[in-house]
Amino acid sequence: MLPLLPEPARRWAEILRNRLTLTDEESRRIDGSPVHLNSAGFDDWGLDPTMVKSALGVGKWLYKNYFRVKTHGIERVPQGRVLVIANHGGQLPVDGLLLYMSLALEANPARIARPMVERWVPTIPFISTLFARCGVMVGDPHNCKDLLETDECVIAFPEGVRGSGKPFAKRYQLQRFGTGFVRLALETRTPILPVGIVGCEEIYPAIANFAPLAKLLRMPYFPITPLFPALGVLGAVPLPSQVNIRFGEPLTFDANPDASDAEIEALVEKVKAAIRIEIDAGLAERGR
Amino acid sequence: MAEESTTTQKPYCLITGAAGGLASLIASRLQDRYEIVGVDPRPLPDGKEFPGEFRQVHYSHRKMADIFRSRPFSVLLHMGRIPIATRTASRMERYAVNVLGTHSLLEMALKYNVGRIIVMSTFHVYGAQPTNPVHIGEEAPLRASQTFPELADAVEFDHMAKSFMYQYRRVKTIILRPVNVVGPELQNHITRLLRSKWCPLLLGYDPMLQFIHQDDYARAVETCLEATRSGVYNVAGEGAVPYSETIRLAGAKAIPLPHPLVYPAVGVGSRLGLSFPTYLIDYFRYATVVADNAFRNDFGFRPMVTTHDALDELSRLPRAEGMFAKL
């Protein structure tokens, strides 16, 4: 298609294509990430590293130029199985996207992480397919356990929609965490990597949640921001907030995975505390 | 003693669904070791020969009892379930054969002391649900009829065999839930679909599918015949592949269709007897990927043909006539 274009347009197309693809070096790093592929080049969850590379090529621009992501402590990502736990906010899971990209672009070795998402995601056309090829999976404990046992890197946001749907006024206040992730980590003897993400909770400053409309549209929440839905599609563009992703020290717990909720809650609190330390450090660094 | 060894009588093996390609394939692999009798309510396809004696009979017909009476079967290989994708069988017919027929076969097998029963169920019993985890284990609930009550016969078939297994432990019963079985000698729905020129695909959906090559599956069944255990097992090949890649590897072309149009169109089509039933669409929309580690561990089974090679083999076969597979 390119040869048909006039010379200046072709040059621009070339520049754009170079911008939106990984460099050879980045590409080689992704090839070196630990994956378990079958004869057709996929794993049973639907991961396709070729698609990961294409998606990262496009996503890299968002990561480097739009959100200008800075990471801290990425060398703390352990080898082998790891459960990455972070704070969640900002209406759309941009935090998950940037965390995923940081692990692929900056961790050593590169990790193609497996983010856990809501159960209705497989019903969305196109998105469901793109997500599956990039390693995303339904947040079912069964899936999580299976992946950790194959030494994968799983990303989870135990706040779920409680976190992502919270209004701007509650930014960086951790909501209630589920306890399942600690039980899974104990059961599979997986280190938990606490991560504080600063910058993603401002991208859609939600003033309110229009709950009746959300219910009507079968959405978990319908945010009202100063720009959305007032400016329509334009208002849905996330604000270009600078993002800091801070990795804490991995936490390894030794307890009975079948312990009472009270005992597990205590461990959950330790994880929350570790995340809070990273959030506070991130906020202090940018001057709140 | 000496006299006995000179007139060694091979043990008898009863195979249901004998008019099908997979039953023939397995029968031919067993005929050296077993005296094979094949039964099916359908006649043998024209020009096909069954490796053994073939009888056209309904499983709950009294003639079936006479077949049991006249030969001391040591093995029942029940492959005669009408698949869920069968366009020509009504829900009532499927129920009659799959549930009532199986009930009567199991009763007779018990009465006439068949020592080993292998029942071929299917991975479809788990249901194609968007919430499915990857690697569904054998202990998972059978949810196929949750969204589509029309699939009750397949679920009940499986449950019936399972309760028989638990109730009569002295009969060694193995229930297999294979993934899509493909191969050059098969005429099942998935093989015919992949051998057609065009394969419809739901726009925006591309679930992971699992395949096992016909020879691997036949070998899995043989392995079960020699084992002394009972149990329910998923049987899968080497790895899962997206449906779009499946079509590509099998040498067909994909036609993407928007799902809001496909469901009503197929609904009308199936009522007119023109297309496959609506519930089959969901298996091409949501993944139903099973865990096969129990079978691998308990039987030491390893598939020999990779998924890539199994599908590639289909691409080298002549394409089916007509635009679409006659599902």
Side-chain angles (χ1 to χ4, degrees), chain A residues 35-52 54-55 112 114-152 154 156 160 180-181 184 187-188 218 220, chain B residues 128-137 139-141 147 179 201-211 213 234 236-250 256-260 262 282 284-293 303-312:
Chain A
V35 286
H36 309 88
L37 304 179
N38 61 36
S39 60
F42 300 86
D43 75 7
D44 283 359
W45 285 268
L47 175 73
D48 175 8
T50 317
M51 181 68 99
V52 171
S54 313
I112 300 178
R114 318 304 296 252
M116 302 215 290
V117 295
E118 294 288 335
R119 284 170 187 272
W120 47 265
V121 168
T123 64
I124 316 169
F126 301 103
I127 301 278
S128 56
T129 305
L130 174 70
F131 274 20
R133 297 297 163 271
C134 290
V136 172
M137 49 135 180
V138 167
D140 185 288
H142 192 103
N143 278 338
C144 182
K145 192 175 161 210
D146 231 8
L147 282 166
L148 290 176
E149 277 169 354
T150 43
D151 289 332
E152 298 276 357
V154 175
F181 78 96
L184 282 164
E187 208 176 321
T188 55
R218 293 195 208 161
Chain B
Q129 310 281 355
T131 52
N132 272 346
V134 170
H135 295 146
I136 303 172
E139 72 295 339
T147 25
V179 299
L201 171 151
L202 296 180
L203 195 61
Y205 295 95
D206 199 10
M208 302 302 285
L209 303 180
Q210 285 168 300
F211 297 92
H213 189 264
N234 295 332
E238 177 252 353
V241 194
Y243 179 44
S244 62
E245 183 69 7
T246 301
I247 297 172
R248 199 186 66 80
L249 287 172
L257 301 167
H259 73 273
V262 170
D282 272 21
F284 296 95
R285 187 174 182 193
Y286 305 124
T288 311
V289 174
V290 302
D292 66 338
N293 42 348
M304 312 252 262
V305 185
T306 64
T307 308
H308 178 278
D309 293 354
L311 294 171
D312 188 56

Can you say whether [X] sits under 4.5 Å from chain B via the side chain, the backbone, both, or neither, judging by heavy atoms?
X: Asp146(A); value: side chain
X: Thr123(A); value: both
X: Asp43(A); value: backbone
X: Ile124(A); value: backbone
X: Asn38(A); value: both

N/O donor-acceptor pair under 3.5 Å between [X] side chain and [Y] backbone:
X: His142(A); Y: His135(B); answer: yes
X: Asn143(A); Y: Pro133(B); answer: no
X: Glu245(B); Y: Ala40(A); answer: no

Review point. Can you tell me how far CD of Glu118(A) sits from OG1 of Thr131(B), rounded to the nearest 0.5 angstrom?
Key: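 Going from OG1 on Thr131(B) over to CD on Glu118(A), the span is 12.5 Å.
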Review point. Using non-hydrogen atoms only, which part of Leu203(B) is less than 4.5 Å away from chain A: side chain, backbone, both, or neither?
Key: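 Both parts, backbone and side chain.
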Review point. Which bit of Tyr205(B) comes within less than 4.5 Å of chain A, counting heavy atoms only: side chain, backbone, both or neither?
Key: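 Contact with chain A: backbone and side chain both.
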Considering non-hydrogen atoms only, spot the tightest contact between [X] and [Y] and give its length.
X: Gly204(B); Y: Ser128(A); result: O-OG, 3.8 Å
X: Asp44(A); Y: Ala240(B); result: OD1-N, 3.0 Å
X: Pro242(B); Y: Phe42(A); result: CG-CE2, 3.4 Å

Point to revise | Best-contacting candidate, His259(B), Met208(B), His308(B), against chain A by heavy atom pairs under 4.5 angstrom | key: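 Greatest number of close heavy-atom pairs with chain A: Met208(B).
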